[in-house]
Amino acid sequence: MDKYNRRKFLLQARNLTYAGATSWLCGCGNAFSKSDNLSAKPSPDDSEDNEQIIVIGAGIAGITAANKLQAQGYRVIILEGRDRLGGRIWTDNSLGFPLDLGAAWIHTIDGNPISPLVKKFGIQTVVSDLESQWNYKGVDQFLSKSEERMISKAFQAFTDRVAELKNNAGSSQQITLGDIAQQIIESEELTGITLKGFRATLSSTIESEVGEDIANLGIKGFEEDSEFTGADVVFPRGYIQLVQALSKDLDIRTKHLVQQIAYDDTGVKVTTDREVFSGSQVIVTVPLGVLKRGSIKFSPALPEEKLAAIERLGMGALNRLVLKFPQQFWPSQPHTMAYINGNIPDRYVEFYNWQKYVQQPILAAMFSGDFSRSLSQMPKSEAIQNIMSDLRSMFGKDIPLPTATLLTQWHNDPFAYGSYSTFSLNGSLQDCDRLAEPIGDRVFFAGEATYGKHIGTVHGALLSGEREANRITQQS
């Protein structure tokens, strides 16, 4: 079942109106730094090694590609701009225990390529029941069954309408999901709490999935990606364990900011802020947001078709605020919670009960799209109070203040410029395929944005790294 449909049928059950699973493929920060030259010892003249393969980016895509190529006997070097490994996998230890501020889940573990690796390396996981969500309309107050039925009916009408338009070749591709939502609001005559509940359902099932507002999303890419089956799990000791295991014995240079990639019939040259590296091929795994910003110059320039695909695909802004409290004041049963009776239509926050996973009084608030971006314009203290207002509406005004907080801003991170890629108004699977196309036999592209069927996921990034490694080995 695809990731939007996965929760549609929960709308019938009390307190399970709209469960909020997300890919949370996002990251920034500088935890788990390693030295500038990692693992394998380079030769003195390795920057002039014309036979080596250069991988740009030490996220899961780059590490996977390098690992596979090195196992086949290729000389590989990874250049990473950050002072740590993992990219948008970011495990932070500043509160005294591991907390994932980027990628946090293996979504649907059955058939997921991450699952056998976790088993191979003996990494502990805990089930995260993302269907266990309690939705509040007041202090200790929940939706009635009749309200849930009305919201469920409206959401079904929304998905039916989207499917109808997708199947109609003559329908306008410029219509947004927000336009369709407004049509349903009017046709179903939604008002009051059912209107707010319907909007919250759309936020939970769509906007929190892709990190973008439905006003900026079209029908073309809606429900085009794929999912596996089974439970969702998290890593009590951090996702970084997988990165560390896969990166063992690889030659990784951190704090090498790539500025230019030049290529011709004889090979490639990669210029960083520290030196120039020569090689036979290069695999570019930087996030879509970096490509959109043009942070790396290509010489010759990228083909127009690839530039157009980069432009059409979107980059979401999914962020989180980790709140550590002196003690737990929320119920232990739900895995996620949300307040749905606010007065600002485009504001939605989901609280993940992280106490279940780390045995610490921690809630992880998640928010996306323009609201997520707007929080970064506030002083941090004001942003925290903004989020805390939902908790007070759910549990009363006397709840304690947090003793520690962590706030991500992926859309401002110069190594990502967003949480993960998504299909914007005109984006499609074909754009992901165009982004993945190599330039001759010199420049290759990997990363979750290049794997449309699993866009925005760690496993999509991993599969893309394997794909490009296979592409290179098959050329040899």
Exceeds 12 heavy-atom contacts within 6.0 angstrom, atom CD of Glu304: no

Donor-acceptor contact below 3.5 Å, side chain Glu468 vs main chain Phe444: no

CD/Glu311: more than 12 non-hydrogen atoms of other groups inside 6.0 Å: no

Student check: side-chain heavy atoms of Ser299 and Lys269 closer than 4.5 Å: no

Test item: Ser464 side-chain N/O and Gly447 main-chain N/O as donor-acceptor pair under 3.5 Å: yes

Check: Thr91 and Val243 side chains under 4.5 Å, non-hydrogen atoms: no

Results of side chain to side chain donor-acceptor pair (under 3.5 Å) for Thr272 - residues two or more places apart only: none

Which atom of Pro236 lies closest to which atom of Gln124, heavy atoms considered: CD-O, 3.5 Å

Test salt bridge (Lys or Arg N to Asp or Glu O under 4.0 Å) applied to Glu305 - qualifying residues, sequence neighbours left out: Arg434

Asp265, CG: over 12 other non-hydrogen atoms inside 6.0 angstrom: no

Any side-chain heavy-atom pair of Leu435 and Lys306 under 4.5 Å: yes

Backbone of Gly267 reached by a side-chain donor or acceptor of Asp264 within 3.5 Å: yes

Stepwise side chain to side chain contact (heavy atoms under 4.5 Å, CB included) test for Phe277 and Val258: CA-CA 10 Å; Phe277 294 84; Val258 173; over 6 Å; no

Partners meeting side chain to side chain donor-acceptor pair (under 3.5 Å) with Asp370 (sequence neighbours left out): Arg373

By side chain to side chain donor-acceptor pair (under 3.5 Å) - contacts of Ser421 (at least two apart): Glu448

Gap between atom OH of Tyr263 and atom OG of Ser280 - 0.5 Å precision: 16.0 Å

Counterpart residues, ring-ring contact (aromatic ring centres under 6.0 Å, His included), relative to Phe445 (two or more places apart): none

Verdict with supporting geometry, Ser376 and His411, side-chain hydrogen bond (donor to acceptor under 3.5 Å, both in side chains): CA-CA 9 Å; Ser376 67; His411 55 291; 3.1 Å; yes

Spatial distance of atom CE (Met337) from atom OG (Ser132) [nearest 0.5 Å]: 9.5 Å

Residue from Val118, Ile106, Ile123, Ile60 passing side-chain contact (heavy atoms from CB on, under 4.5 Å) with Tyr239: Ile106

CD-OG1 distance between Glu164 and Thr159, expressed to the nearest 0.5 angstrom: 11.5 Å

Side chain to side chain, Leu321 and Thr405, heavy atoms closer than 4.5 Å: yes

Main-chain N/O of His454 paired with Thr457 side-chain donor or acceptor, under 3.5 Å: yes

Flag side-chain contact, heavy atom, 4.5 Å: Gln333 against Trp134: yes

Heavy-atom pair of closest approach, residues Gly427 and Leu313: CA-CD2, 4.4 Å

Close side-chain approach of Ile219 and Ile180, heavy atoms under 4.5 Å: yes

Asp232/Thr108 under side chain to side chain contact (heavy atoms under 4.5 Å, CB included): CA gap, chis, key distance, verdict: CA-CA 5 Å; Asp232 301 300; Thr108 52; 4.1 Å; yes

Aromatic contact, Tyr352 with Trp105 (centres under 6.0 Å): yes

Flag, side chain of Arg199 to backbone of Tyr348, donor-acceptor distance under 3.5 Å: no

Phe121 vs Gln244 side-chain heavy atoms within contact, under 4.5 Å: no

Main-chain N/O of Ile109 paired to Ser115 side chain as donor or acceptor, under 3.5 Å: yes

Ile472/Ile283 under side chain to side chain contact (heavy atoms under 4.5 Å, CB included): CA gap, chis, key distance, verdict: CA-CA 10 Å; Ile472 288 175; Ile283 304 177; 3.7 Å; yes

Polar side-chain atom of Asp346 near backbone of Phe371 as donor-acceptor pair, under 3.5 Å: no

Between Ser424 and Glu212: side-chain donor-acceptor atoms closer than 3.5 Å: no

Pairwise distance CD(Gln328) to CG(Asn353) - rounded to 0.5 angstrom: 6.0 Å

Straight-line distance of Arg75 CZ to Ile54 CD1, nearest 0.5 Å: 10.0 Å

Minimal non-hydrogen separation, Ala181 against Phe198, with atom names: O-CE2, 3.8 Å

Value rounded to 0.5 Å, distance of OG1 in Thr408 from CG in Leu101: 7.0 Å

Backbone of Ile214 reached by a side-chain donor or acceptor of Glu207 within 3.5 Å: yes

Donor-acceptor contact present, side-chain Gln70 to main-chain Asp249, <3.5 Å: yes

Cation-pi, Tyr417 ring and Arg293 (6.0 angstrom, 45 degrees): yes

Closest heavy-atom pair and its distance - Arg82, Ala416: NH2-CB, 4.1 Å

Heavy-atom closest contact (Leu406 atom, Ser94 atom, distance): CD2-OG, 3.5 Å

Test item: Asp213 side-chain N/O and Ala215 main-chain N/O as donor-acceptor pair under 3.5 Å: no

Electrostatic pair Asp413:Arg88 at N-O distance under 4.0 angstrom: no

Closest non-hydrogen atom pair, Phe228 against Gly111: CE2-O, 3.4 Å

Derivation and outcome, side chain to side chain contact (heavy atoms under 4.5 Å, CB included), residues Ile387 and Leu375: CA-CA 9 Å; Ile387 301 302; Leu375 284 181; 3.9 Å; yes

Sequence neighbours excluded, every pair satisfying side-chain hydrogen bond (donor to acceptor under 3.5 Å, both in side chains) that has a member inside residues 356-367: Ser128-Tyr357, His335-Tyr357

Close side-chain approach of Leu425 and Leu217, heavy atoms under 4.5 Å: no

